[in-house]
2 protein chains.
Amino acid sequence: MNKIENRAWTSDTVAADLERAIHEHRLPPGTKLGEDELGEAYGISRTLVRAALLALSHRHLVELKRNRGAFVAQPSALEAREVFEARALLEPRTARSAAVRMTEADLAVLTANIEEEHAALDGGDNGRALLLSGQFHLEIARIANQATIANFISELIARSSLIIALYWRRRAALCETQAHHALLDAFTRQDGDAAEELMKNHLLDLVASLDLRNVIQPPASLREALKR
Amino acid sequence: MNKIENRAWTSDTVAADLERAIHEHRLPPGTKLGEDELGEAYGISRTLVRAALLALSHRHLVELKRNRGAFVAQPSALEAREVFEARALLEPRTARSAAVRMTEADLAVLTANIEEEHAALDGGDNGRALLLSGQFHLEIARIANQATIANFISELIARSSLIIALYWRRRAALCETQAHHALLDAFTRQDGDAAEELMKNHLLDLVASLDLRNVIQPPASLREALKR
DNA sequence: TGGGACAGAATTGCATACAAATTTGTGTAA
DNA sequence: TTACACAAATTTGTATGCAATTCTGTCCCA
């Protein structure tokens, strides 16, 4: 594998780089993440790679199978529902808090984000659009000034990206930008009630855009899956 | 340091053992966790110790200072408030879900927990009582059947133990068992409304029992702290 | 032709060795 | 005596080596 870049990688920056790649669907669910391969790619030893993979496994983005290696996680339909239930518990109230604390600078950041996402979609870069969409949600948590909750939301958003990769039904285009625009309006008016309600519905729409009935469940073991 | 026990430790079990010790206040905030020391205590190499410390740092129970080592975390007053705000967001609704799903077996587990906690308090083992109190909250999340949310709550509970170690004002005895009994009653009646309300108030009482005004803040650097 | 056993290759698990940074201790000069 | 500089010791950061496990390919036999 090619060397990625000549910079001083640490386990933290490697983990962040991998998380970004996962979030952008450049590393789809189930991808094997070999230690030697990654070590060579980043120009570091397996020690640091393992630390990075361990960190990602704690965020449920990577699954470590003993003596088998690390794989990009494949959330089950059950897990997918749980992730969105957790988001439904955290994000609407966080959006409300953010709304009442909103400053001009914050609005500018969110606006820029939406525009970038639009550009990415026009350019056909769906991965980048998805990453930006996640960053929109994360930025709201940051504005709400709740680092602890923001951490949880950050993990949930990244896991949502895996869920979308696995369960999104392509019917309609992700009309996320619509919902984000509506939220931005509420934020501009510092309307907490509206922000909370919009976020709640936005998350419900997201779940509705998934197909969690067909329990594609575990490609876990090919041996089991292909029996018969 | 003495060897702790002759069993096959892994990074996971070591992390769990350390977390328990932290939760029980056997390892108070600020304690230095030297790699060699721990490695000898558990009879394992520094490699596994580092993996365990890394896991605990991801749960915000241990702070890793580069080139300085690992220390039991010392949450700031700000962080303390955030942790309880997060709990206030997650636990009341989770208690409601648990109430409606409650089975006889679940009730038995919760009852046994309360009794054990009582026994621990009588025996003067405050650490164990605190651990059991946390497990009561965690068990509720488990009963609610939301593994993802339960994970978050598990982390928040452990961090709360650190917060109590740092900020609890000893005035009155922790009248937690009172509140837990009341919750148990609501659960017995499968009364979701009451459970949610009781949990909300229980958490408010907990915060009220802390002294977060005196920002004891950072013994972070002795050099800075002892100036003048 | 298909199944199973076995051997070699590849990969992970863990310990250890060495490098780098920090802390601690000592000596010297003002 | 105090402050500073420098050296020794301790501790962490990272790479590497070896053992253990799993995977893959081949051969033999039914």
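Letters A, B, ... mirror the listed sequences (proteins, then strands); counts begin at 1. Just so you know, these numbers come straight off a predicted model, no measurement behind them.
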- line: So CG of Leu156(A) and OG1 of Thr148(B): to nearest 0.5 Å the spacing works out to 7.5 Å
Figure out the [atom1]/[atom2] separation between [X] and [N], and round it to whole Å.
| X | N | atom1 | atom2 | result |
| --- | --- | --- | --- | --- |
| Leu64(B) | dT11(D) | CG | C1' | 14 Å |
| Phe71(B) | dT11(D) | CZ | C1' | 11 Å |
| Leu53(A) | dT11(C) | CG | P | 15 Å |
| Glu40(A) | dT16(D) | CD | P | 12 Å |
| Leu33(A) | dT11(C) | CG | P | 13 Å |
| Asp36(A) | dG17(D) | CG | C1' | 13 Å |
| Leu54(B) | dG13(D) | CG | P | 10 Å |
| Glu35(B) | dT14(D) | CD | P | 11 Å |

- prompt: Hey, which of these two, Arg66(A) or Leu48(A), hits DNA chain D nearer its 5' end, going by closest nucleotide?
  reply: Leu48(A)
OP1 or OP2 of [N] under 4.0 Å from side-chain N/O of [X]:
| X | N | value |
| --- | --- | --- |
| Lys32(A) | dT12(C) | yes |
| Thr47(A) | dT14(D) | no |
| Arg68(A) | dC23(D) | yes |

message: Any carboxylate oxygen within less than 4.0 angstrom of a Lys/Arg side-chain nitrogen, looking at Arg81(A) and Glu85(A)?
response: no
query: When you look at Arg20(B) and Arg128(B), which way does the side chain to side chain contact (heavy atoms under 4.5 Å, CB included) test go after all the steps?
result: CA-CA 9 Å; Arg20(B) 187 193 179 96; Arg128(B) 176 159 174 74; 3.8 Å; yes
task: Would you please indicate if the ring centroids of His202(A) and His137(A) are separated by under 6.0 Å?
output: yes
message: Need one value for Arg50(B): base, sugar-phosphate or nothing, where a base atom within 4.0 Å counts as base even if backbone is also close, heavy atoms only.
response: base
task: Mind checking Arg46(A) for me? I need base, sugar-phosphate or nothing, with any heavy atom below 4.0 Å counting as a touch.
output: base
- line: Among dG13(C), dC14(C), dT12(D), the one nearest any side-chain atom of Asn67(B) is dT12(D)
query: Under 3.5 Å, is there a donor-acceptor pair between the Asn151(B) and Ser154(B) side chains?
result: no
